[in-house]
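Following: one structure in structure tokens, then a few remarks.
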Amino acid sequence: MNSLSGSGPMQLWLWLSLALLLGINGAVSKLQDSQTYIIHMDHSHKPTTFESHESWHLSALESLSTFSGEAQDMMLYSYSHAINGFSARLTPSQLSELEKSPAHLATYPDSYGKLFTTRSPNFLGLNGKSGIWPTSSFGEGVIIGLIDTGVRPESESFSDKGMSSPPKRWKGKCETGPGFGPSACNKKLIGARFFGKSLEHVGANISAQERTTPRDFKGHGTHTSSTAAGNHVLGASHFGYAKGTARGIAPRAWLAMYKVTLLGPSAASDVIAAMDQAIADGVDVLSLSLGFEQEPYFKDVIAIASLSAIQKGIVVVCAAGNAGLNRSTIYNAAPWIITVGASTLDRTFIAKLTLGNGLVFEGTSYFPESAYVSDKALYFGKDNANKANCQTSALATNETAGKVVFCDSTQNDIVSQMEELKRVKAYAGVFMTDTIMLDPEDYAFPGLILSTSSGTIVRDYITGEVNAKVRSIRFGFTSLKRKPTPQVADFSLRGPNPITPSILKPDIVAPGVDVLAAVTDSTFIKVAGYNLVTDYALLSGTSMAAPHIAGVAALLKAVYPEWSPSAIRSAIMTTAYTIDNNGSILIDQFTGLPATPLEFGAGHVSPNKAMDPGLIYDTNSQNYIDFLCGLDYSEKQMRAVLRRSKWKCSKKSTDLNYPSFIAIFSNTSSSPLIKTFSRVVTNVGADASIYQLSLEIPSTMKVSVEPNILEFSKKYQKQAFVVRVEISKEAPTAYGFLRWTDQVVQEEDTELLSAEVHACEEGLRKAAREVKL
């Protein structure tokens, strides 16, 4: 078994949970005369006459004195990878007989754990009894289109159970191809098309099967589409982690997939063609988890196509991009697009380490087997720095084989440390760092990562104990209610907007770290030479965050079909929150410091509150034309972005009616650092409403608003106000909040005020490097 083998009898035990769901209460079937057990066998006892471990295991069941029927019916699984053994339904007498065998190592009754949801819907406050889910009928009547890598139609997430037939207005269709027959679409997946002509014509090395079918061979499109609107799927998990009910944010919305990204990159012409077709087909919401190099809007294919979409009433949601840290690198930042950054969930995946002295530690692990390490020697190369740090080629097999190895360094690449432990036939590993930069697919070796505070205690135990041991390591745990949460994901790209810094981007953050959703059935990870496959996987990226917002937009569209795309964006932004579950401002995961609007935009999405924003900041096509006129584009450039030959600039201003404010100044200016904004809000609350202004600003910022009270006598009435922002040159970045509170129902409508001082405004326009979203 390669690195999972020890020098003695194998003692890496699998825990298996086979809860039988009997209705929504999660009750477990309890048969009177038999129970499921996991039987761990010593593989050294396997007679050579058996060709496989499975045949040996079946023979063990058939040899029972009370055996009757077929052994295949009794045995649930035969294990020959991480352990040797099997699980089976056994009576007490059968179990007793098996335990008398010299090949028997251990028995564990099957455990039945409480099922947890795949989390992001619950984390967002969505529930079936109150709020936006039942009010919107779970998104029923709305069509979400995705521009992505295709879809795996047989996934349970795309079951049409409970779905109504597509509306007559729908003009899309289901294109067929290899692995995607006429029956692939249904009342959930109502459209699927593929666009790959550009890559085909430039001679890209893509098979005919891949480029002539809507089928997903990568998993990305399947994941994003099931996140946005997947149907309910019980018992979904990532190799046992995050086990629960998988469902999209708008589970009753219809889905349409437009495949543009094949096994390699996507071509701009293919993306435009897909977006063009989606508009013609009649989607209501369009979600894109991809992007191109940031260009002026007249060169930005997604910006151009998105402007056309919003003019048809289609909400366009795009991922902000990954590989964050640097300022002004954000993608898809056109003001008519909802640009989405990524945040964390309150969920962690752990293994539990128990030392020989009884101390118990929890560490991060995604090792994809419910393995159990027991009674193993704990090795630490304390007398050699390279060995202590598990440096490549430093360890010796005769010292580490069959042992749990502790790796001391917080600086080393943990993946490289895992490879070193595999090479020297270590049984498992304990690693130490406060900055984890691994993805779930990197955990191909049994081990856990401890914080430096916990790791230091373990190291002290090893150095002070002659026969240091690991009593146990157990994998496969999911822990909830982590604090502080949410945080801005370390990879999420940051503002200011590199094209027009006066538009604050990202607009919003949503769950994008360890999101569980459907994937293709290809190999996810290789462990000990074996390919492991899963139907649901944990993936991270702003790609995962964007479909959350697409789903929320669909819910809002179902409640308010008359709302414009900018009204929906406004409701999402002005009801967002910026305080975590510790009562503090959202944290930047990378720095560990408080984040700013340049990381989290308006804040973290709050779907239920978005249903009742009170006031909205609406924007129409002419407003966007005036905005583009304010950028001093040439006639040719205007034609390119507007896709028309005639237009009228009623005014030249880049001060859009946007639900956030950002002022950027040069610190070389001798004039006062003052900026004025004009806004118009529409009352979507009660007919008679009075909104009182409140400000939350730092001492380095002065803000005045006229008027400071807004009175409405009817719904959809509009009122204007002016904001004047002044900032001190000593404060390079300052931000605050402007809130309008309904004095009758105490509803709040919150807008961000952000101001920055830079040595050179032109420095904000750095070219964004190419990034995979």
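- Between the CD1 atom in I503 and the CD1 atom in I337 there is a gap of 12.5 Å [rounded to 0.5 Å].
- For the pair D148/S289, a side-chain contact is recorded, criterion being any heavy-atom separation below 4.5 Å from C-beta on.
- V151 has its side chain within reach of L189: a pair of non-hydrogen atoms, C-beta onward, lies under 4.5 Å apart.
- Counting heavy atoms from C-beta on, the side chains of H604 and P511 come closer than 4.5 Å.
- A salt bridge is absent between D284 and K312; no separation between the charged side-chain nitrogens and carboxylate oxygens falls under 4.0 Å.
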**Request:** Dump the intermediate steps for salt bridge (Lys or Arg N to Asp or Glu O under 4.0 Å) on E154 and R215, then the final yes or no.
**Result:** CA-CA 10 Å; E154 61 270 24; R215 187 172 188 82; 2.4 Å; yes
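- The existence of a salt bridge linking D281 and K173 is excluded, since no basic side-chain nitrogen approaches an acidic carboxylate oxygen closer than 4.0 Å.
- In this structure, H238 and F524 have perpendicular ring planes: the angle between them is above 60°, well past the 30° mark.
- Between I304 and I302, the closest side-chain pair of non-hydrogen atoms is not below 4.5 Å.
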**Request:** Could you check L126 against I132 for side chain to side chain contact (heavy atoms under 4.5 Å, CB included), going step by step and ending with a plain yes or no?
**Result:** CA-CA 7 Å; L126 298 171; I132 196 170; 3.4 Å; yes
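- Using a 4.0 Å cut-off between charged side-chain N and carboxylate O, D535 and R152 make a salt bridge.
- Shortest non-hydrogen contact noted between N332 and A319 is ND2-O, 2.8 Å.
- Checked for salt-bridge contact, E441 and K526 miss the test: no charged N lies under 4.0 Å from a carboxylate O.
- V488 places none of its side-chain heavy atoms less than 4.5 Å from the side chain of S343.
- Across all non-hydrogen atoms, the minimal contact from D300 to E295 is CB-O, 4.1 Å.
- Two residues are said to be in side-chain contact when any heavy atoms from C-beta on lie closer than 4.5 Å; M275 and Y258 fail this criterion.
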**Asked** Between I572 and V552, is a side chain to side chain contact (heavy atoms under 4.5 Å, CB included) present by the stated rule, with each step listed?
**Response** CA-CA 8 Å; I572 290 172; V552 173; 4.2 Å; yes
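- In the model, T339 has a side-chain atom that pairs as donor or acceptor with a side-chain atom of K505 under 3.5 Å.
- For OH of Y633, the number of neighbouring non-hydrogen atoms (other residues, nucleotides, ligands) closer than 6.0 Å is greater than 12.
- Side-chain N/O atoms of T245 and H232 include no donor and acceptor closer than 3.5 Å.
- Taking CD1 of I147 as the reference point, atom CD1 of I272 lies at 11.5 Å (rounded to 0.5 Å).
- Shown here is E51, whose CD atom has no more than 12 heavy atoms of other residues, nucleotides or ligands within 6.0 Å.
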**Item:** Residues R193, K259; criterion side chain to side chain contact (heavy atoms under 4.5 Å, CB included); working and verdict
**Value:** CA-CA 6 Å; R193 300 177 183 267; K259 178 179 175 179; over 6 Å; no
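- The aromatic rings of F138 and W133 are tilted relative to each other, their planes meeting at an angle between 30° and 60°.
- In this structure, S564 OG and N620 CG are separated by 8.5 Å, a value rounded to the nearest 0.5 Å.
- Side chain to side chain, H220 and S543 meet the donor-acceptor criterion of an N or O pair below 3.5 Å.
- A side-chain donor from one of N322 and T542 sits under 3.5 Å from a side-chain acceptor of the other.
- Considering every non-hydrogen atom in both A489 and V513, the closest pair reads CB-CG2, 3.7 Å.
- The two residues A550 and V285 come nearest to each other via the heavy atoms O-CG1, 3.8 Å.
- To the nearest 0.5 Å, the span separating OG1 on T224 from CG on L146 amounts to 5.0 Å.
- Note: Y241 and Y366 have tilted aromatic rings, judged against thresholds of 30 and 60 degrees for the angle between ring planes.
- The line from OG of S164 to CH2 of W254 is 4.0 Å long, rounded to the nearest 0.5 Å.
- Using modelled atom types, one finds no donor on one side chain facing an acceptor on the other under 3.5 Å when comparing S157 with N231.
- With rounding to the nearest 0.5 angstrom, the CD1 atom of I314 is 6.5 Å from the CG atom of L286.
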**Asked** Would H548 and T227 satisfy side chain to side chain donor-acceptor pair (under 3.5 Å), going step by step from the backbone distance to the final call?
**Response** CA-CA 7 Å; H548 281 83; T227 297; 5.5 Å; no
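- Side-chain contact, Y297 with T500: a donor N or O sits under 3.5 Å from an acceptor N or O.
- Aromatic rings of F367 and F475 (six-membered ring for Trp) have centroids within the 6.0 Å cut-off, being under it.
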